[in-house]
Amino acid sequence: MIGMEDIYEKVMELAKRRGFVWPSSECYGSVAGLIDYGPLGAGMKRRIENIWRDFYVIREGFFEIECPTIGPEPVFIASGHVGGFSDKMCRCPECGEYLRADHIVEGCLEGSAALMQKEDLEEALRDFPCPACGETLGAPTVFDFNLMFETAIGPGSQRKGYLRPETAQGIFTDFGRLLRFYRDKLPFGAVQIGKSYRNEISPRQGMIRLREFSQAEAEIFVHPEKKQHPSFSRYASYTLPLLGSSQQESGEPPLEVTMADAVASGLVANEYVAYYLALTHDLLVSIGITPEKLRFRQHLPDERAHYAIDCWDAEVHSDRFGWVETVGIADRTDYDLRAHARHSGESFTVFIQFTEPRRVKQVRISPKMGIMGPKFRGKAKAILEMLKTASPGPDGVEIILDGETILITPDLYDVCEEEVEVRGEEVMPHVIEPSYGIDRMIYGVLEHTYAEEMVEGEVRKVLRLPTAVAPVQVSVLPLMNRDGLEGAAREIYLTLLTHRIFAIYDDSGAIGRRYRRQDEIGTPFAVTIDYDTLEDGTVTIRDRDSMEQVRCPADHLVATLSALISGSITFESLQT
RNA sequence: GCAUCGAUGGUCUAGUGGCAUGACUUUGGCCUUCCAAGCCAAUAGCCCGGGUUCAAUUCCCGGUCGAUGCACCA
């Protein structure tokens, strides 16, 4: 390779020029963090999403759902995004700098300032110097900056809504429906591919940090005590570079271990997490990420959400941006379901039958309603409810109702001990969440597959995209645009299209120039129609990566290309 | 968001207070029997808004976008 010192510039220049990625609304001045996928980029993105579906929908059996990108406020109150997805900020009255209010206070104070109220923060900030200009802050106004885009649903006194900051919540809110769809059994999973939105303060890394981005997320609902993946054997001996939190703390390199060993040694929390680490490696490599530029880093205890048992990022190395978090894989326990259960009042549990019904002795309070009704009148019903779960003492039961303590004496109820048959229990599943940043995957693939090489004194730019990811699969090129070559080429082109091979036809300019054009957009194969085609009915197939050619009878072309595209044969095998 | 620097056809670039360079690409034509060949022609540009000026792509102010540093960041 030559002159690869500024690969980001080169990749983005090509991506813009050739129609992969464009700045959005360019004619009115583009907006940071918003991009368009052009004709080739949109095709490539769709192919990558479909490969993701091959892994998660077809192979894992997790059906895909599609939820709105707008949600009503309670969803995001429950998810914690309304409260937790915002930062408390203030502005220096002297220099105008925006500051994290809690960070300033935290630097000089014991304990955590993140939970302080605005008013307390304002008071605490009074005497602090501005970290930017050094002037005393005085009493700045502390305000929340929430990273969610806000909107209003409907006219008039609208319901407040937000653009979703992740696709996951739709799967959680559909939990009850999904559970019934999967016929009340664990484990099951559902996935969603779609747009999410975050009003980033300063998105400045091209397509790495976007305000509107595509995510592919799976939510896998598992029994909290059964975290053995039913297909674990598929990846048990798969080896990955794992950078655990202890390796990071001691500055050691990643460990190359099998998934079975990783789980056995406790490096990875359970088989589910390990399985999706391996699957993610498998998937990323198959779309064109270089294995040497891919690692899995465990969250350090202080960066991991408090409720998560284990959390790993798949990080893709970029020459420009360093290690970029591209996929997150977490065991989120029952945090999300519990939150939605609390806020919505629905149960979010699965009834799991015991293998054998259990006989359980239970004490039941049977109120004497004939006495209690007249005695407590309007409160009787509420007291009755509370009695059901109370455990009676020798003097009776104390019940607190609306702040008033009421003693229910033993003469008001009977206690009967009985043995009941319990056939199962309500279980709140744990959630394993693999979450993929599609746009970051696309950038990683572009950067890793971009190559330059010297060919006869000229720089050849080539995207070595895997066939499954290339937006165009085959180009059809008549060697000359005359002597009947163009007619024969058109015929072959149409034949490929009817067999659903996505080909483009190009007869413009010298043949070498046309090969270069296809190299730049990653088209893996070129079919050239030359004078031998008119003689003996053969064409050549050119391989993008080796620039080698083989002759192939036109009659076999569809079958040969289909096999090459699907990967069932290699180009090298045709050369012998 | 702050500071510094930058923005000229699709791409790379020269240059200027007064008709805006060149190369590559693209399109059409000629030529051409396999890797950006040659010839002819064509298309296409001074980021946006305001100010100074007879005249602004050029100078000034503001904005947008991009790069770098700080800050922020699932």
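Below, chains carry the letters A, B, ... as their sequence lines are ordered, and counting in each starts from 1. Because the structure is predicted, anything quoted here is derived from the model rather than measured. Values below: every heavy atom of this structure, side chains too, minus hydrogens, waters and symmetry copies.
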Between [options], which nucleotide has the shortest distance from any of its atoms to the side chain of [X]?
X        : options             : result
A/Glu13  : B/C35, B/C12, B/A74 : B/C12
A/Gln549 : B/A67, B/C65, B/C34 : B/C34
A/Arg513 : B/A74, B/U25, B/C35 : B/U25
A/Glu456 : B/A36, B/U68, B/A74 : B/A36
A/Glu325 : B/C34, B/U11, B/A74 : B/A74
A/Val455 : B/A37, B/C35, B/U33 : B/C35

Suppose we define a pair by two distances each less than 3.5 Å, Watson-Crick or G-U wobble; what does [N] pair with here?
N     : answer
B/U32 : none
B/C2  : B/G69
B/U52 : none

(message) Does A/His81 contact B/A74 through a side-chain donor or acceptor facing the base, at a distance under 3.5 Å?
(response)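 Checked by distance alone, the answer is no.
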(message) Tell me if the side-chain of A/Arg542 makes a donor-acceptor pair with the base of B/C35, cut-off 3.5 Å, by modelled atom types.
(response)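 In this structure, the two groups form a donor-acceptor pair.
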(message) What contact category does A/Ser30 fall into here, base, sugar-phosphate, or nothing, at under 4.0 angstrom with non-hydrogen atoms?
(response)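 It contacts sugar-phosphate atoms only.
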Flag for [Y]-[X]: side-chain donor and acceptor within less than 3.5 Å:
X        : Y        : value
A/Tyr56  : A/Tyr436 : yes
A/Asp543 : A/Gln549 : no
A/Asp331 : A/Asn270 : yes

(message) For a quick test of reading the model, state the closest non-hydrogen atom pair linking A/Asp36 to A/Pro23 and the distance between them.
(response)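 Taking A/Asp36 first and A/Pro23 second, the nearest heavy atoms are OD2-O, 4.1 Å.
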Could you run down the sub-3.5 Å N/O contacts of the protein with nucleotides 42-49 of chain B?
none

(request) Can you sort out the partners of A/Trp323 under ring-ring contact (aromatic ring centres under 6.0 Å, His included), two or more places apart, ordered by chain and number? (result)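 Partners of A/Trp323 by the ring-ring contact (aromatic ring centres under 6.0 Å, His included) criterion, ordered by chain and then number, come out as A/His317.
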(request) Decide if atom CD of A/Glu491 counts as having more than 12 heavy atoms of other residues, nucleotides or ligands within a radius under 6.0 Å. (result)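 Counting other residues, nucleotides and ligands, CD of A/Glu491 stays at 12 neighbours or fewer.
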(message) Please determine whether a side-chain nitrogen or oxygen atom of A/Ser508 lies at a distance below 4.0 Å from atom OP1 or OP2 of B/U27.
(response)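 So the side chain of A/Ser508 is within the cut-off, an N or O lying under 4.0 Å from OP1 or OP2 of B/U27.
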(request) Name all pairs fulfilling the ring-ring contact (aromatic ring centres under 6.0 Å, His included) condition that reach into residues 513-536 of chain A, sequence neighbours left out, sorted by first residue then second. (result)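 Matches after skipping sequence neighbours: none remain.
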